[in-house]
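In each ligand, atom 1 is the first atom listed, and ligand 1 is the first ligand listed.
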Amino acid sequence: MTTESVQVPEAWREGTRPGLPPLLPDFEVVDTFAREIYGRTPSGGRLSDVTLLSRENGVLDGAADRLRHHARISCPLGDLELDTLLHVPSTTGPSPVIVVLSFTGIEETLGSAQSHRWPYAKVMDAGYAVLTVDYQQIEPDAPDARGVRALFPADEPWGAVGAWAWGLSRLLDIADGLDGLTAAGAIALGHSRLGKAALWAGAQDERFAVTISNDSGCCGASLFRHPGGEDIAAITTKFPHWFVPSFASYAGREVELPVDQHQLLASIAPRRVYVASAEDDAWADPIGEYVAVVAAGPAFEDGGIGYHVRPGGHDLLEEDWLRALSFVRR
Ligand code: GTR
């Protein structure tokens, strides 16, 4: 772990952390996270077909093949249609896949103000395929949205973060049937709100061998009980649709939540977790993320959980990908 630039206040150093709930068996804790925060992910949603739309071999100076697919997922009340973008290393054998949702649409990952977040050539070089979809094709990011959540009976509420996590699992279903990818070693990666979704996907779907959260902050990797950055009042006021409606009742009552985020990280063990923070990203509380990683540590075998904090602000940089992937390779 890279800890040198995390200045943890005395009260939050190991052994003296005030009042964090103990680590619990994962089945119990995942259920509590569903009930209190993210909502229960409904079962169902079956991949019905995947159509290849285009294939370009040898892009990125020969490092990758680039494939676009259209996928249809049949849900109880209708079909969800997804347009995916896949990069597969062209020089290696079957590759493990990183599934990651895109904020800005799949074509934007290739050349736009956002493309620095997608260091495809370096990731190909490290031997990983990358499969992505626009997160808002799964569930639009708005309170009155009608995405995948409208395709299931409204028996129990689930928030948009839960819907995006569901989408990461569907990306993995898609990857399962594609040539050039191995089922083993699949990675869920997400930045910010999509880092929250990646952690929730990793906690629920055991096919993910590794979960990587980047600057995921409140309701992601950072502790509710560590003061600093976004809190429940702020997040549920601005983004009420991300969580179950009752979660907002914990605003200002963080200490009464029966869980905290180190338990979400721990619930993924023995599968691996990597948390990346940025020094200037105060809103995501890098110290709260670091302390969560340390507190989750006992649930993992040696080296099962990793962390870095880099200089700079809230963003997903090449450095974040490469440091996370070097943790995965170790
Ligand atoms: C912020 C939000 C954070 C984080 C971020 C993002 O506005 O308060 O929880 O998710 O958005 O997704 O970029």
Asker: Looking at ligand 1, would Y135 count as a contact under a 4.0 Å heavy-atom criterion?
Answerer: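 Not so, Y135 does not reach ligand 1.
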Asker: Side-chain contact test, heavy atoms from C-beta onward, threshold under 4.5 Å: evaluate it for S216 versus S192 and give yes or no.
Answerer: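 The answer is no, as the side chains (C-beta and beyond) never meet within the 4.5 Å cut-off.
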Asker: May I ask you to identify the nearest protein heavy atom to atom 7 (O) of ligand 1, giving residue, atom name and distance to one decimal place in Å?
Answerer: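 Nearest neighbour among protein heavy atoms for atom 7 (O) of ligand 1, to 0.1 Å: F239 CZ, 3.5 Å.
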Asker: Is the positively charged end of R323 above the ring of W321, judged by distance under 6.0 angstrom from the centroid and angle within 45° of the axis?
Answerer: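 No, R323 does not lie over the aromatic ring of W321.
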Asker: Do R272 and F300 meet the cation-pi criteria used here (NZ or CZ under 6.0 Å from the six-membered ring centre, within 45° of the axis)?
Answerer: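 No, R272 does not sit over the ring of F300.
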Asker: Does H191 come within less than 4.0 angstrom of ligand 1, counting non-hydrogen atoms of the residue?
Answerer: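 Checking ligand 1 against H191, which is what was asked, there is no heavy-atom contact under 4.0 Å.
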Asker: Check ligand 1 against H314 and write out every atom of the ligand that is under 4.0 Å from a heavy-atom position of the residue.
Answerer: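 Listed by number with element: 6 (C), 13 (O).
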Asker: Give yes if a backbone or side-chain nitrogen or oxygen of K196 is under 3.5 Å from a nitrogen or oxygen of ligand 1, and no if not.
Answerer: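 Yes, there is a polar N/O contact under 3.5 Å.
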Asker: With a 6.0 Å cut-off on ring centres, are Y307 and Y274 close enough?
Answerer: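 Centroid separation for Y307 and Y274: 6.0 Å or greater.
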Asker: Answer yes when E279 and R310 have at least one side-chain N-carboxylate O distance shorter than 4.0 Å, and no when they do not.
Answerer: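 Salt bridge flag = no for R310 with E279.
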Asker: Can you tell me which residue and heavy atom of the protein come closest to atom 9 (O) of ligand 1, and the distance to 0.1 Å?
Answerer: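 In this structure, atom 9 (O) of ligand 1 has E230 OE1, 2.6 Å as its nearest protein heavy atom.
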Asker: W283 heavy atoms, cut-off 4.0 Å: which ligand 1 atoms fall inside?
Answerer: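 Answer for ligand 1: 2 (C), 8 (O).
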Asker: Any idea how H191 and H314 line up, ring-wise: parallel (<30°), tilted (30 to 60°), or perpendicular (>60°)?
Answerer: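 H191 and H314: tilted rings.
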Asker: Taking 4.0 angstrom as the limit and counting only heavy atoms of S192, give me the atoms of ligand 1 inside it, by number and element.
Answerer: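 Those qualifying, in numeric order: 4 (C), 5 (C), 6 (C), 10 (O), 12 (O), 13 (O).
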Asker: Is any side-chain heavy atom of L20 closer than 4.5 Å to one of L223?
Answerer: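 The answer is yes; the side chains approach within 4.5 Å.
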Asker: Go through ligand 1 atom by atom and flag the ones less than 4.0 Å from a non-hydrogen atom of W242.
Answerer: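 Counting from 1, the qualifying ligand atoms are 9 (O), 10 (O).
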Asker: With a cut-off of 4.0 Å, which atoms of ligand 1 are near a heavy atom of I235?
Answerer: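 Counting from 1, the qualifying ligand atoms are 9 (O).
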Asker: So which heavy atom in the protein is nearest atom 11 (O) of ligand 1, and how far is it from that ligand atom?
Answerer: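 Going by distance alone, atom 11 (O) of ligand 1 is nearest to R193 NH2, 3.0 Å.
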Asker: Considering only NZ, NE, NH1 and NH2 on the basic side and carboxylate oxygens on the acidic side, decide whether K122 and D125 come within less than 4.0 Å.
Answerer: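 Looking at K122 and D125, the cut-off is not met.
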